[in-house]
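By convention in this document, chain letters (A, B, ...) are assigned in the order of the sequence lines, proteins followed by strands, and residues within each chain are numbered from 1. Worth saying up front: this structure is predicted, and the values here are computed from it rather than measured.
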Amino acid sequence: MPLVRTRFSPSPTGSLHLGGAHTALFNWLFARHHLGVFILRIEDTDRERSEERYVQEILDALIWLGLNWDEGPHRQSQRLHLYREYIQKLLEVGAAYCCDCPPADLEARRQAALAKGEKPRYDGHCRDRRLKLGPRTAVRFRTPQTGTTIWRDLIKGPIAFDNQELDDLVLTRADGLPTYNFAVVVDDITMEVTHVIRGDDHIPNTPRQLLIYEALKATPPQFAHMPLILGKDRGKLSKRHGALSILAYLEMGFLPEALVNYLARLGWSHGDQEIFTRGELMQYFSLEQVTKAAGEFDLDKLRWLNSHYIKEMPTPELARLLKYYLAPLGITDPDPAYLTRVVPTLKARSKTMVVMAEKAGFFFRDPRPYDENAVNKFLTPQTTPMLKEIFRRLEGLAEVSEEALNELFNDLAAQTGLKMINLAQPVRVALTGQTASPGLFDIINILGKKETLKRINNALSFIQT
RNA sequence: GGUCCCAUCGUCUAGCGGCCUAGGAUACUGCCCUCUCACGGCAGAGACACGGGUUCGAUUCCCGUUGGGACUACCA
């Protein structure tokens, strides 16, 4: 049995977002670092809100990120017998009791307490009524009313709660399904989870869970509460910034390596190192280097990492990937060999694959309509003679090559006294429709002589009309 | 409101009592490179929330204030 067993336990009430991926990654890294086991568990006891399509989406997202699991996916909905078994144990030892308070009453009493300025906690109405477990009774935990529950959090340090702050939480609902705090404990016990690494929004749940472990006479796992990811301006992660499905980042043109690297460095560090291979991440990861403070999601830094990984990625691989992003632009079935020549010119110019696809457009289709500002600046009657001359010289070029083109343009510059920029820009607009693009000679090389001449000709006729 | 968590450049972070004239990264600005845009290189600007302690000495330890956040369900 490995010494370390971690788990990621999303509830399929939505797709996997940044926060979930962050938690999953830290659990995965901790397990991998210790050569332990990473368990995937679907917490689907909320029948109202759980949806099957989200299960698949979460799995897809984890796979895309490369966070492979060793056990599971387990589903709480298929472990109901276990919760029944454990609730019996608690009932037998008197650590739990049945409650038939109607939810509507509970809510009314809560509101009343709140109105009086008191705490909105369960008033213990059924605590000593010795009700039997019936078809419509919930089961509550008999929380100790004195004492303190303490644990040494692996990230936050010692945390203590007075038990009197806690009320008698529901363990099993009237419909027999377990609630989160109970199911988690039973699952973590039976799956022999050794380290619970989760968002620090779970800190208030921890003393309740610890008390349940105690009542069950089970050894609790170690807890590590990691910092939450905040949106811009310290607020909640909004749709505008980051509260998107992880797969939305795939659509936006991010590489999984970039996202993993970014998420790893959010709330964790290894000295001054910023770029990590997956191997380094596994090797260096440690809970001791996890920060306590919540961090803001910074799309700019993600973009920077993404551009780094785009530059790193081998051309053939990148070419294959680009194909996927070209399709929505109507560029389907590009020639693989041609793609392989296009990609290197765009590598250093694209922070995302979507941007790369956009920039690649002119390689595959006519650059018209030209950018309006580009036209006004460079496709004017004044540039006509020069474009014609370039056309003539290019046409006479026996072999198109980097050196030949360099020589051609340099000669022309020397002979006309014009600067290279004045020669290059009109041609660039003619070929790409834009004032910014990869190197002109690269473009001519890739487009080929025939296509280049055709496009210059098109620009020439455009100027005339 | 109550309980709990947190606090270093705009942002992510290094720092675990003297190494700090507080380091790196990103973003920003300038310069260089240059056929444009990028990439790359160099430079610049930019932070220890505040107030008390403890100590020979605090960014680092303790307390308080302020500020942010989480939780407060028969959701997870």
Side-chain angles (χ1 to χ4, degrees), chain A residues 9-14 43-46 48-50 99 101-103 106-107 110 114 117-122 137-140 153 155-157 159-162 165-167 169-181 183-184 198-207 225 227-228 230 232-236 262 265-275 288-289 291-305 307 311 345-351 359 374 378 406 409-410 413 419-425 427-429 432 434-441:
Chain A
S9 47
S11 70
T13 54
E43 311 218 325
D44 57 354
T45 54
D46 184 350
E48 304 278 296
R49 300 194 304 149
S50 294
C99 169
C101 293
L106 254 21
E107 186 54 30
R110 238 196 311 275
L114 218 46
E118 288 169 12
K119 287 180 193 175
R121 56 214 296 276
Y122 180 64
T137 50
V139 177
R140 285 183 183 272
D153 196 275
I155 292 170
K156 308 280 188 187
I159 301 179
F161 279 82
D162 277 337
E165 293 296 333
L166 280 21
D167 62 355
L169 71 156
V170 169
L171 262 21
T172 310
R173 295 182 272 234
D175 63 6
L177 289 175
T179 58
Y180 165 74
N181 278 302
V184 170
R198 61 199 348 180
D200 67 20
D201 51 337
H202 281 291
I203 288 177
N205 287 324
T206 308
H225 288 94
L228 260 21
L230 269 28
K232 210 150 186 63
D233 304 320
R234 309 262 106 191
K236 250 204 157 79
Y262 176 76
R265 271 293 280 106
L266 219 193
W268 173 81
S269 63
H270 181 70
D272 284 339
Q273 190 169 344
E274 294 287 348
I275 308 284
E288 271 132 59
Q289 292 304 319
T291 350
K292 294 180 181 183
E296 267 185 45
F297 173 64
D298 183 4
L299 192 60
D300 275 327
K301 191 145 185 187
L302 209 209
R303 280 207 193 95
W304 169 70
L305 279 162
S307 71
K311 278 177 274 184
T345 71
L346 263 16
K347 264 190 183 181
R349 295 176 164 81
S350 318
K351 292 205 171 187
K359 286 185 190 288
F378 300 111
N406 208 2
F409 277 84
N410 276 321
K419 291 198 166 177
M420 187 64 100
I421 182 172
N422 298 314
L423 264 37
Q425 283 305 72
V427 179
R428 185 185 311 282
V429 177
T432 70
Q434 308 287 326
T435 53
S437 81
L440 195 57
F441 305 157

With sugar-phosphate meaning primed atoms plus P, OP1 and OP2, does A/Leu440 contact a base, only sugar-phosphate, or nothing at under 4.0 Å between heavy atoms? base
Margin query: With rounding to the closest Å, how many angstrom separate the C1' atoms on B/U11 and B/A47?
Written below: 12 Å
Rounded to whole Å, the CG-P distance (A/Leu228 to B/A7) equals 14 Å
Kindly give the atom pairs (protein nitrogen or oxygen, nucleotide nitrogen or oxygen) under 3.5 Å for nucleotides 37-43 of chain B.
{"unit_1": "B/C37", "atom_1": "O2", "unit_2": "A/Arg349", "atom_2": "NE", "d": "2.6"}
{"unit_1": "B/C37", "atom_1": "N3", "unit_2": "A/Arg349", "atom_2": "NE", "d": "3.3"}
{"unit_1": "B/C37", "atom_1": "N3", "unit_2": "A/Arg349", "atom_2": "NH2", "d": "2.7"}
{"unit_1": "B/C37", "atom_1": "N4", "unit_2": "A/Arg349", "atom_2": "NH2", "d": "3.4"}
{"unit_1": "B/A38", "atom_1": "O2'", "unit_2": "A/Ala348", "atom_2": "O", "d": "2.4"}
{"unit_1": "B/C39", "atom_1": "O3'", "unit_2": "A/Lys311", "atom_2": "NZ", "d": "2.9"}
{"unit_1": "B/G40", "atom_1": "OP1", "unit_2": "A/Lys311", "atom_2": "NZ", "d": "3.3"}

Between CD of A/Gln434 and P of B/U36 the distance, given in whole Å, is 16 Å
Using a cutoff of under 3.5 Å, can you pull out all pairs of nitrogen or oxygen atoms linking the protein to nucleotides 44-47 of chain B, with atom names and distances?
none

Whole-Å distance, A/Leu230 CG to B/A7 P, equals 13 Å
Query - Residues A/Glu274, A/Lys301: salt bridge by 4.0 Å N-O rule - result: yes
Here the distance between atom P of B/C35 and atom NZ of A/Lys419, to the nearest Å, is 11 Å
Could you pull out the protein-nucleic contacts involving nucleotides 11-16 of chain B (nitrogen or oxygen on both sides, under 3.5 Å)?
{"unit_1": "B/C12", "atom_1": "OP1", "unit_2": "A/Arg234", "atom_2": "NH2", "d": "2.5"}
{"unit_1": "B/C12", "atom_1": "OP1", "unit_2": "A/Glu296", "atom_2": "N", "d": "2.8"}
{"unit_1": "B/C12", "atom_1": "O2'", "unit_2": "A/Arg265", "atom_2": "O", "d": "3.0"}
{"unit_1": "B/C12", "atom_1": "O2", "unit_2": "A/Lys301", "atom_2": "NZ", "d": "3.3"}
{"unit_1": "B/U13", "atom_1": "OP1", "unit_2": "A/Gly267", "atom_2": "N", "d": "2.4"}
{"unit_1": "B/U13", "atom_1": "OP1", "unit_2": "A/Thr291", "atom_2": "OG1", "d": "3.4"}
{"unit_1": "B/U13", "atom_1": "O3'", "unit_2": "A/Ser269", "atom_2": "OG", "d": "3.3"}
{"unit_1": "B/A14", "atom_1": "OP1", "unit_2": "A/Ser269", "atom_2": "OG", "d": "2.9"}

Heavy-atom contacts, protein to nucleotides 71-76 of chain B, under 4.0 Å, summarised as B (base), S (sugar-phosphate only) or - (none) per nt, yield S-SBBB
Contacts of A/Phe161 meeting ring-ring contact (aromatic ring centres under 6.0 Å, His included) (sequence neighbours excluded), chain-then-number -> none
Applying a 4.0 Å non-hydrogen cut-off, can you work out what A/Ala183 is touching in the nucleic acid: base, sugar-phosphate, or nothing?
nothing
Those residues at least two apart in sequence (or on a different chain) that pass ring-ring contact (aromatic ring centres under 6.0 Å, His included) with A/Phe378 are none
